[in-house]
Amino acid sequence: MPFQAGYKALLEQEAHRLYGLLGSVTRDNGEKYTAPDCLQIAPYTLAVNQIKKEQNAIILAHSYTLPELALGVADFSGDSYALSAKAQEVKEEKIIFAGVWFMAETAKILNPAKEVIIPAGKAGCTLADAITADEVKNLKKQYPGVPVLCYINSSAAVKAQSDICVTSSNVFDIAQRLPEKELIFVPDLLMAKNLENELVRRGTPKKIISAGGSCYVHKQYSAHQVADLRRRYPGIEVLCHPECLPDVCAVCDYVGSTKGMQEYVARSDKKLFALLTEHGLVNRLESAHADKTFIWPFGVCDYMKQNTLQNTLQALVAPMPAQKVILSEDVITQAKKSIQNMFEWTR
Ligand code: 13P
Ligand code: SF4
C-alpha cells in the first residue's frame with residue numbers, strides 16, 4: 001500500500017540519520033549502536049519529533065541521558081548551567097526535561113509560566129536527596145552571616161534557603177569572587193573539599209563549611225584506578241568531574257563540569273582520554289569525535305537512565321501527575337533569587 005511504502009521510506013531515512021549520530025557510540029552493554037538498532041529506534045524518534053512540534057514543546061536533555069534521547073530528539077543538550085540558561089529563555093509552551101527531578105524543578109523556577117514535564121517522574125539524585133531545607137536553616141543558625149552556596153543538585157526548597165546557587169562549571173570562580181573568607185556549601189561533601197583545595201591552589205584560601213552527601217556514581221573512582229589507567233595506556237589524558245574524591249581530582253589532568261570536559265577534549269590534539277564520569281557524557285564525545293578514543297571504566301546514573309524514548313513519547317501525549325513539575329509560588333520566588341544570583345556572579 002502507498003501509505004505503508006511511504007512510512008517505510010521515512011523509517012529508513014530516520015534510521016540513516018540516527019546511525020550517523022549513534023554509529024560510533026557505545027551502549028551501556030559495551031556494544032556499538034548498529035543499523036538495525038537504529039531502525040528499531042526510528043519509529044519512536046519520528047513520533048516524538050513530530051508530536052513535539054504539534055504541541056509546541058521543546059526537549060531539553062542532560063548529557064547523561066540515553067544517546068537516543070540526547071542526540072535523537074533533544075532540541076538542546078548540555079550541562080546543568082547551560083540547561084538552566086536555556087530553560088529561562090524557552091518560548092515554547094511546554095518543556096520536556098530529560099534529566100533528574102531537581103533539574104526539571106530548576107527549569108520550572110526559571111520559567112514558571114511553562115508546563116514542565118519530566119519523563120522519568122520523580123527521578124532522584126543522591127546529592128539532591130542528601131540534605132533538607134530544615135538542615136540548611138539549622139546551618140544558617142549555627143553560622144549566622146555566612147553566605148550559603150547550594151550546588152544546583154539540590155531541591156527547590158533547599159535553593160529557596162540559599163543565597164547563591166552554583167554548578168560544577170562556576171562553583172570555583174563564584175566562591176573565589178565572593179568577598180567572604182568563610183562559606184557554607186551544600187550538599188556535596190566531596191566537592192566542598194575540592195573547592196577548598198582549589199581555592200588554596202588559586203591563592204585565595206577560604207573555610208568551607210559543608211553538610212550533605214556524595215554522588216554515588218562519581219565517588220566510586222579511586223586514585224589507584226587513575227594510576228592503573230596511566231600504566232595501561234601511556235600518554236592518556238584523564239578527566240574527572242569535581243564530584244569525585246579529592247585524591248582522584250589531585251591526580252587527573254583536568255577536573256571540570258560535563259561541559260568543561262567536552263571543551264577540554266575538543267581543544268586537545270591528544271587522541272586518547274579516560275573519563276571518570278557518567279557514561280552518557282562518554283557517548284556524547286564518541287559521537288562528536290569519532291577520531292578519538294575514550295576509555296570509560298564504569299559509572300552509570302540509574303536516575304538519568306529512567307528517561308527513555310518510550311516514556312518521553314508517553315509524557316508528551318498524556319503526562320501523568322508524577323511527571324508534571326508543580327511548585328508553590330513562594331518556593332519559586334525564593335529559589336529564583338539564588339539562581340539569579342548565580343547568573344549575576346557568573347558574568
Ligand atoms: P554538570 O552540571 O557538570 O552537568 O553535572 C551534573 C551532575 O549531575 C553531575 O553528576
Ligand atoms: Fe546525581 Fe550523581 Fe546522578 Fe549526577 S550522576 S544526577 S550527581 S546521582
Side-chain angles (χ1 to χ4, degrees), residues 28 60-66 69-70 74 76-87 97-107 110 118-131 149-155 158-159 164-174 185-192 194-195 198 210 212-221 239-245 248-249 252 254-265 275-285 296-307 339 342-343 346:
D28 289 352
L60 308 183
H62 189 268
S63 300
Y64 289 166
T65 53
L66 288 165
L69 264 177
F76 183 86
S77 167
D79 70 350
S80 309
Y81 183 83
L83 286 163
S84 305
K86 181 73 189 174
F97 204 115
V100 289
W101 185 255
F102 78 79
M103 294 180 174
E105 272 189 340
T106 308
L110 288 167
I118 166 166
K122 293 227 159 49
C125 161
T126 57
L127 280 172
D129 298 338
I131 200 157
L149 275 63
C150 69
Y151 188 30
I152 197 161
N153 295 41
S154 56
S155 67
V158 164
K159 288 184 179 80
I164 311 179
C165 176
V166 293
T167 75
S168 53
S169 67
N170 55 35
V171 57
F172 300 144
D173 291 340
I174 291 180
F185 173 74
V186 293
D188 189 336
L189 297 171
L190 301 182
M191 199 183 285
N194 288 326
L195 172 60
E198 177 62 15
S210 190
S214 56
C215 163
Y216 86 109
V217 176
H218 289 95
K219 77 167 179 202
Q220 302 176 90
Y221 305 116
L239 283 59
C240 80
H241 196 276
E243 289 169 11
C244 290
L245 288 158
V248 171
C249 295
C252 282
Y254 178 79
V255 182
S257 70
T258 51
K259 184 172 177 220
M261 287 188 261
Q262 282 174 296
E263 289 173 347
Y264 184 93
V265 168
L275 290 152
L276 307 191
T277 192
E278 212 278 339
H279 197 204
L281 187 76
V282 184
N283 298 150
R284 301 297 312 280
L285 289 165
W296 167 72
F298 51 75
V300 171
C301 176
D302 294 323
Y303 302 109
M304 288 282 185
K305 274 22 182 195
Q306 285 172 28
N307 298 279
I339 308 174
M342 166 175 80
F343 290 129
T346 305

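Values below: every heavy atom of this structure, side chains too, minus hydrogens, waters and symmetry copies. Numbers for residues simply follow the sequence, beginning at 1. Both counts, for ligands and for their atoms, begin at 1 and track the order of listing.
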Here the atoms of ligand 2 under 4.0 Å from any heavy atom belonging to L127 are 7 (S)
Requested in this report: Show your working on side-chain contact (heavy atoms from CB on, under 4.5 Å) between S84 and I152 and close with a plain yes or no.
Outcome: CA-CA 10 Å; S84 305; I152 197 161; 3.4 Å; yes
side-chain contact (heavy atoms from CB on, under 4.5 Å) between F343 and N170, intermediate numbers included: CA-CA 10 Å; F343 290 129; N170 55 35; over 6 Å; no
In terms of relative ring orientation, are H218 and Y64 parallel, tilted or perpendicular, with 30° and 60° separating the classes?
tilted
min-distance protein heavy atom vs atom 8 (S) of ligand 2 -> T126 N, 3.7 Å
Check: F102 ring centre within less than 6.0 Å of Y151 ring centre
no
At a 4.0 angstrom heavy-atom cut-off, ligand 1 is contacted by H62, Y64, D79, S80, N153, S168, H218, H241, E243, S257, T258
Next on the checklist: Walk me through whether M103 and M304 qualify under side-chain contact (heavy atoms from CB on, under 4.5 Å).
Outcome noted: CA-CA 11 Å; M103 294 180 174; M304 288 282 185; 3.5 Å; yes
Counting distance only, does the side-chain N/O of T65 pair as donor-acceptor with the main-chain N or O of H62 below 3.5 Å? yes
| request: Would you check if the distance from the ring center of Y216 to the ring center of Y303 is below 6.0 Å? | output: yes
Show your working on side-chain contact (heavy atoms from CB on, under 4.5 Å) between H241 and L281 and close with a plain yes or no. CA-CA 11 Å; H241 196 276; L281 187 76; over 6 Å; no
In this structure, atom 1 (Fe) of ligand 2 is nearest to the protein heavy atom C125 SG, 2.4 Å
The protein heavy atom nearest to atom 3 (Fe) of ligand 2 is C301 SG, 2.4 Å
Here the atoms of ligand 2 under 4.0 Å from any heavy atom belonging to C215 are 2 (Fe), 5 (S), 7 (S)
Worksheet item: Is K305 salt-bridged to E278, going by a charged N under 4.0 Å from an acidic O?
Response: yes
At under 4.0 Å between heavy atoms, what of E243 touches ligand 2? The answer is side chain
